Amino acid sequence: MDEESFRIRGFRSNDLNRVKDINLECLPENYSSFFYRDLYRRFPETFLVAEADGDIQGYIMCRIERGLSKLKTLRPARQCHVVSIAVREAYRRRGIATALITRAMERGMENYNASECFLEVRMTNNAAISFYEKLGFSKAKRNFGYYMDGEDAWVMAVAIEKFK
Ligand code: ACO
Ligand code: ZN
């Protein structure tokens, strides 16, 4: 696939409805407008969208958190927590999500000094687990009953220096 076929750029306030629609279409975890705006206000550098065919077709939003490393026990680390990432079905397998998460991690490192990245993913979401593993993420722990319907999550994490 031609690499020029999509473009990654920062989220802007008037992208909100489109991003909310993509989230509703792609994932069962949905959020209020306040939630999106609050993440954007606090961590604008790691809230990105992908444009193709003249419209937004995917997004990533993250929260920067301080806590114990998911990779090296007992070490505090500043972490880029991927709250949500999705690409519309017709635009998958073109590298869009790879570009979104790679750029978000670079910007999380440069702007917020994040040294690792983590996220939760449903244990049955094989596409997303394969995607994260291809990027070098590994399963750090299992969160039992993490989702509203009772499904467990894998917490997956990676060191950001890998992407420099
Ligand atoms: N099956 C197996 N491997 C996959 C799949 C799949 N369905 N999708 C991606 N991969 C792997 C492949 O190795 C792929 O490389 P290849 O195409 O050369 O084989 C590699 O990941 C890179 O894929 P991308 O093209 O960058 O990923 P894409 O843009 O298709 O988006 C995503 C992946 C975000 C998981 C997409 O499938 C999606 O939006 N799914 C629905 C929403 C979702 O599950 N989001 C993640 C939830 S967890 C969270 O948000 C924190
Ligand atoms: Zn999370």
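As the structure is a computational prediction, the values presented were derived from the model and not from experiment. Both counts, for ligands and for their atoms, begin at 1 and track the order of listing.
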Pairs under 3.5 Å, N/O atoms on ligand 1 and on the protein: can you put them in a table with the distances?
unit_1	atom_1	unit_2	atom_2	d
ligand 1	1 (N)	Arg93	NH1	3.4
ligand 1	15 (O)	Lys134	NZ	3.0
ligand 1	17 (O)	Arg93	NE	2.9
ligand 1	18 (O)	Lys134	NZ	3.3
ligand 1	19 (O)	Arg93	NH2	2.8
ligand 1	25 (O)	Arg93	N	3.4
ligand 1	25 (O)	Arg94	N	3.3
ligand 1	25 (O)	Gly95	N	2.8
ligand 1	26 (O)	Thr98	N	3.0
ligand 1	26 (O)	Thr98	OG1	2.5
ligand 1	29 (O)	Ala97	N	3.0
ligand 1	30 (O)	Arg93	N	2.8
ligand 1	39 (O)	Val87	N	2.9
ligand 1	39 (O)	Val87	O	3.3
ligand 1	44 (O)	Asn125	ND2	2.8
ligand 1	45 (N)	Ile85	O	2.8
ligand 1	50 (O)	Ile85	N	3.1

What's the separation between atom CG in Asp149 and atom CD in Glu29, rounded to the nearest 0.5 Å?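 That separation rounds to 7.5 Å.
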
Parallel, tilted or perpendicular: which one describes the rings of Phe11 and Phe47, with boundaries at 30° and 60°? parallel

Tell me yes or no: between the side chains of [X] and [Y], is some donor less than 3.5 Å from an acceptor?
X	Y	value
Asp15	Tyr59	no
Glu116	Gln79	yes
Asp152	Tyr147	no
Gln57	Arg94	no

Quick check: closest heavy atoms across [X] and [Y], and the distance to 0.1 Å?
X	Y	answer
Leu27	Ala86	CD1-CB, 4.3 Å
Phe6	Ala52	CB-CB, 4.1 Å
Lys70	Ala140	O-CB, 3.8 Å

When you check the space around the Zn ion (ligand 2), which protein N, O or S atoms turn up under 2.8 Å?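 Correct list: His81 NE2, Glu120 OE1.
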
